[in-house]
**Q** 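Provided herewith is a single structure, encoded as structure tokens, for subsequent inquiry.
Residue numbering restarts at 1 for every chain, and letters A, B, ... go by the order of the sequence lines.
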2 protein chains.
Amino acid sequence: MERVAIAAARSPLSDRARPMDQTGTIEKATDVLFFLHRQSAGCGISDIGRALDIPKSSVHRLLAALASRGLVEKDDTGRYRTGMALVALGLGVLEREPIVQVVRPILEQLALSVGETCFLVAARGGRLRVLEKAEGTGFLRAAPQVGAEVPHRVTAAGKLYLALDPEALAPPVDGHSSAAPVRSEEVRDGDRARIRIQERGLAWNRDEWIAGLSVVAGAVYMGDRLVGALALALPSPALAERDAQELEQQVKAAAEEASSRLSGLGRVPGSAWPPAADSR
Amino acid sequence: MERVAIAAARSPLSDRARPMDQTGTIEKATDVLFFLHRQSAGCGISDIGRALDIPKSSVHRLLAALASRGLVEKDDTGRYRTGMALVALGLGVLEREPIVQVVRPILEQLALSVGETCFLVAARGGRLRVLEKAEGTGFLRAAPQVGAEVPHRVTAAGKLYLALDPEALAPPVDGHSSAAPVRSEEVRDGDRARIRIQERGLAWNRDEWIAGLSVVAGAVYMGDRLVGALALALPSPALAERDAQELEQQVKAAAEEASSRLSGLGRVPGSAWPPAADSR
DNA sequence: TACACTGTTCCGTATAATGGAACGTGTGGC
DNA sequence: GCCACACGTTCCATTATACGGAACAGTGTA
């Protein structure tokens, strides 16, 4: 099954970890986890040690500790891979997101009716992340990875955020230099495009991030707060054969439906409330 | 949205971690992760310290290390919760499972046609885990948690495994006392039931694990190896109003379809192959 | 057979985690 | 309005804990 895999290039966090390698047991252990995550097949201790520049014995100890809690597992050939406990933890994070619960059925319906991949992107800690997806049916289709990070300037969701809630992107640490110096005509063009996005609540990205991939995203609000971008992705040639305006309308309608459902529930939905203080 | 939440009682690994608290940095860090996972809402440092009996300053350090890699996040109120990086890791584990890829569409179709929750259970490291689910449409419906563990003896999937591949359950560590002493008539009854399950490739569980919940599971094979149990769950009263034999037939057909698709592909499917040695 | 390669165990070393105390903050109560 | 309490955070001397080289045992290749 061939797919256009957007954001499949590399794990989003590996880059962040690269420049300043904090030396600590937990950091090393998580580096091992992410390394195993990147490997599509199981991995041996020596491989890990070489790749991460950690002695074999240390890798062995780290893996033993991680395995004792189910974060990694040994398959029958003795190779290590990421463990099922991570599934429970990861799915738990998603289930705790009200937006995902509300938007999931809308995504699925939209994907079904259009036949192309739909997904939800939201800002978390200054970064844009894919929170949920519903894949289309095409042989060639977008297949984003849930949990993956997407860039700001060259994606439909990113443009939406930059136009409607730039504060949500990259707020952590140093607040200085919120905008890099840009040429004056770029500013004017950028402003014009931004205003248009603000007016319509829609943003496009045609081949800007990935050649051959076009995306239109609609703003999802909770009350008056932007809480996500509902995006429809399709191969650019397929877009040429379709009515772009009608696609826009479908995305906009889906985003507005999501907004109205989200604004309906006061704060935290269903099973996630009340807090249910832990017994022990 | 009210649901019968099967296996929602507590995190499957918390129990395992309880009896013998290994003292180590990684173990402590993962304990913090699982504690945050159990909390439905964000959690403060002091809460965690009290619950896990760890000094505040240590908790602070652990959280800082985990947060540096995105495994935990601070929400806007300064409370900690499990982080998006876990989503990527957890989803990665699932995507790496050939069975999940193959069975997912079958689960969804079955759930759609029956209108009740379907899920896939498989043995991993001697334990039975929910690998994937497709929820039904009922107001009262089973809602298992993907990644959660289910018991052996009182579930349909467990009976299937005990009858067809008992070796897959609890092989680790001490191989002694593979069977606890049982009464003779229990043995005879057990044998009779087991033989029936072996013949039919189907197992039932009516109210044995959770009152009001009935499940029928069909065996999924890859070649001649049992690789999972495809289960259909519904409230017991709903079962009384339906044709149990027809449900059996649907589950059996779905399980056989899954088996045939799995046996079709030689070993590892699609994008997970070839291994693609990591660049760095 | 000898080799190169695994994963695993051992143990002396010193690094890195520890936890009590002190600091700065803000939320709720008298 | 103040006080009191609990919070998250920082600091630092102590030592428990993670470290990693070396030796071991099992496996498949030349």
**Q** For DNA chain D, which ranges pair as stems of 3 or more consecutive Watson-Crick or G-U pairs, with both donor-acceptor distances under 3.5 Å?
**A** C:6-27 with D:4-25
**Q** What are the two closest non-hydrogen atoms of B:V146 and B:K133, and how far apart are they?
**A** CG2-CG, 3.8 Å
**Q** Just do the salt bridge (charged side-chain N to carboxylate O under 4.0 Å, His left out) check on A:E97 and A:R124 with the steps written out, would you?
**A** CA-CA 11 Å; A:E97 296 273 355; A:R124 288 287 178 277; 2.6 Å; yes
**Q** Once you apply a heavy-atom cut-off of 4.0 Å, does A:S57 come out as touching a base, just sugar-phosphate, or nothing?
**A** base
**Q** Between B:E73 and B:R81, does any side-chain N to carboxylate O distance fall below 4.0 Å?
**A** no
**Q** With a non-hydrogen cut-off below 4.0 angstrom, is B:T25 in contact with a base, only sugar-phosphate, or nothing?
**A** sugar-phosphate
**Q** Locate the shortest heavy-atom distance separating B:Y161 from B:V121; write the atom from each residue and the value.
**A** CE1-O, 4.3 Å
**Q** Measure the CG-OG distance between A:D224 and A:S259 for me, rounded to the nearest 0.5 Å.
**A** 11.5 Å
**Q** 5'-most contact on DNA chain C: B:L62 or A:G44, nearest heavy atom basis?
**A** A:G44
**Q** Between which nucleotides of DNA chain C, read 5' to 3', does contact with chain B run, using atoms under 4.0 Å from its heavy atoms?
**A** C:dA17 to C:dG20
**Q** Taking the side chain as everything from C-beta on, heavy atoms only, tell me whether B:K28 gets closer than 4.5 Å to B:I54.
**A** yes
**Q** Testing the basics here: between A:A85 and A:G70, what is the closest heavy-atom pair and its distance to 0.1 Å?
**A** CB-O, 3.1 Å
**Q** Taking the side chain as everything from C-beta on, heavy atoms only, tell me whether A:T82 gets closer than 4.5 Å to B:R96.
**A** yes
**Q** Within the structure shown, what part of the strands sits under 4.0 Å from B:R79 by heavy-atom distance: base, sugar-phosphate, or nothing?
**A** nothing
**Q** I need the minimum non-hydrogen distance between B:L128 and B:P151, along with the two atoms involved.
**A** CD1-O, 3.8 Å
**Q** Between which nucleotides of DNA chain D, read 5' to 3', does contact with chain A run, using atoms under 4.0 Å from its heavy atoms?
**A** D:dA18 to D:dG21
**Q** Judged by each residue's nearest nucleotide on DNA chain C, which is more toward the 5′ side, B:S58 or A:C43?
**A** A:C43
**Q** When you compare the side chain of A:L33 with that of B:R69, does any pair of heavy atoms fall below 4.5 Å?
**A** no
**Q** Categorize A:S46 for me: base, sugar-phosphate, or nothing, with a 4.0 angstrom heavy-atom threshold over every strand shown.
**A** sugar-phosphate
**Q** Taking all non-hydrogen atoms of both residues, which atom of B:T155 and which atom of B:H152 are closest, and how far apart?
**A** OG1-O, 3.7 Å
